[in-house]
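Just below is one structure, and these are the notes that go with it.
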Protein chains: 2
Amino acid sequence: MNQPIIQSSTRADEAFDCLQTAIITGELAPGEKIGELELCNRFELTRGPLREALGRLESRGLLVRRPHAGVKVVSVSAEELMELYRIREVMEGLAARQAAERMTDEEIRALQETLDAHEKMIEEAKGQAYYQAEGDYDFHHRIATGSRNTKLAQMLLGDLYYMVRMYRYRLSTSAGRPHMALGEHRHIVEALARRDGELAEFLMKRHINAARQNIEKKIKEGVLTI
Amino acid sequence: MNQPIIQSSTRADEAFDCLQTAIITGELAPGEKIGELELCNRFELTRGPLREALGRLESRGLLVRRPHAGVKVVSVSAEELMELYRIREVMEGLAARQAAERMTDEEIRALQETLDAHEKMIEEAKGQAYYQAEGDYDFHHRIATGSRNTKLAQMLLGDLYYMVRMYRYRLSTSAGRPHMALGEHRHIVEALARRDGELAEFLMKRHINAARQNIEKKIKEGVLTI
DNA sequence: CCTCACGCGATTGTCAACAAAACGTAAAAC
DNA sequence: GTTTTACGTTTTGTTGACAATCGCGTGAGG
């Protein structure tokens, strides 16, 4: 009954969320060695729950920990970012295919409305790269959950997207091609509405592949540096 | 006792490994509610490291934990197992494609020799389903690492394979088609040797899809029950 | 001047006790 | 007889202190 949403039921969960967002936003720089006591009085908790949260973060690949040498935020290279997009390509392709078979008409309609809202945001507030990124995230989020594939959604939402968002913050509006991405999103939703799983998979893979090539190009041009 | 005292650098790592194998082998039944103190004197450690290990297991999806209600081993339905194979299909397909581009000649040669050993094992010890499963695991393991895609290998080896092995133990030799699988393995390795990434991906996807259909058929026939 | 070893400090890993919340039981009220 | 509520027990979440290990600075030797 009582759902005080902001209240994490346990301190360890709280610490986990705080640490995760701190890593994603870059508040904790990659490669930075962080001491436990330092984290303790930063987030105002004790070492017990903290260590539990650190274990979870480590298991998710956001931290690396050497036995008695402390933990440090994972630092990833440009190549690894590209590999991440390759994984997204096949996994979100699968998600799109299954979503075409399993999403309800209601969900698809809501997704279309979401795209309308995104379009308005792009037209009106041209510079709001952050909200564009959030819109993009929302789109992929809905398809992942719409696949009705529990483990797939868990891996995408609980692992890959956090990694990608980490880079997003770091590279600041890496996407940079809002109109094109929106058009691709529309085509994907059309395929979903027609229940054409194969086409949805193909379009989603091409969409993510295009995003990857876009980032890769910018990195090679030196516009983006990691 | 049953654990070879491999001095893991930390007690939490030890607990993590023990718990993980206990879950995979079915020593801890799915859906079983397990108390912390019970685990403590079973593995002879205290609650501090144990909770850290539990956090990691939960993050990997092998445990589910409700705030003050304890942890229980994850129980998965037949549908979820099928979904797991769908994920494997696309991810290992990607791994095979990248492995074709990146494995060294040496590694591919070693893989061929591994298949020779598997063939001998299948011919000689016909009934040793366990070793066949291990051989299969070895094959997929090598390709995952051969992809040189760190995150991909991490997700396959650290997440999916443990899930699949959990089912393997539970269903006891679910595979059941050693000769056919070996043939498919050989074709995949041939594609790797020719550096034909596309073909390797196609064959790997078909290989896993066949395994999935095999299990699905047996479940529908009532031969296997989850 | 460089290298290696030793000891000190700091940090991590571990433990046992305290507090809080949930589940089960039982009794009382309707 | 059924439901609800209150209490006690059990289990989880948390805390602070103790012990083990590593990194680093200093000093001695080559």
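Each chain gets a letter, A, B and so on, in the order the sequences are listed, and its residues count up from 1. No experiment lies behind these values; they were computed from the predicted model shown.
For the pair B:Arg60 (side chain) and B:Gly158 (backbone), a donor-acceptor distance under 3.5 Å is present.
Computed from coordinates, the A:Asp13 CG to D:dT12 P distance equals 15 Å when rounded to whole Å. Between the NZ atom of A:Lys72 and the C1' atom of D:dG23 there is a distance of 15 Å, rounded to whole Å. For the pair A:Lys33 NZ and D:dG23 C1', the interatomic distance rounds to 9 Å; values are reported in whole Å. The distance from atom CD1 of A:Ile34 to atom P of C:dT11 is 14 Å, rounded to the nearest whole Å. Look at CG on A:Leu50: it is 15 Å from C1' on C:dT14, rounded to the nearest Å. We find that CG of A:Leu54 is positioned 11 Å from C1' of C:dT12, with the value rounded to whole Å.
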Check nucleotides 13-17 of chain D against the protein and report each pair of N or O atoms closer than 3.5 Å, with its distance, or say if there are none.
unit_1	atom_1	unit_2	atom_2	d
D:dG13	OP1	B:Pro67	O	2.1
D:dG13	OP2	B:Arg51	NH1	2.5
D:dG13	OP2	B:Arg51	NH2	3.2
D:dG13	N7	B:Arg47	NH2	2.6
D:dG13	O6	B:Arg47	NH1	2.9
D:dT14	OP1	A:Thr10	OG1	3.3
D:dT14	OP1	A:Arg11	N	2.4
D:dT14	OP2	A:Thr10	OG1	3.0
D:dT15	OP2	A:Thr46	OG1	2.2
D:dT15	O5'	A:Thr46	OG1	3.4

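Within a 6.0 Å sphere centred on NZ of B:Lys151, other residues, nucleotides and ligands contribute more than 12 heavy atoms.
A salt bridge does not link B:Arg86 to B:Glu89: none of the charged side-chain nitrogens sits closer than 4.0 Å to a carboxylate oxygen. Between B:Arg212 and B:Glu92 there is no salt bridge, since no side-chain N of the basic residue sits under 4.0 Å from a carboxylate O of the acidic one. The pair B:Glu101-B:Arg97 does not count as a salt bridge, with every side-chain nitrogen at least 4.0 angstrom from each carboxylate oxygen.
A perpendicular orientation is assigned to the rings of B:His140 and B:His185, their planes being inclined by more than 60° (bins at 30° and 60°).
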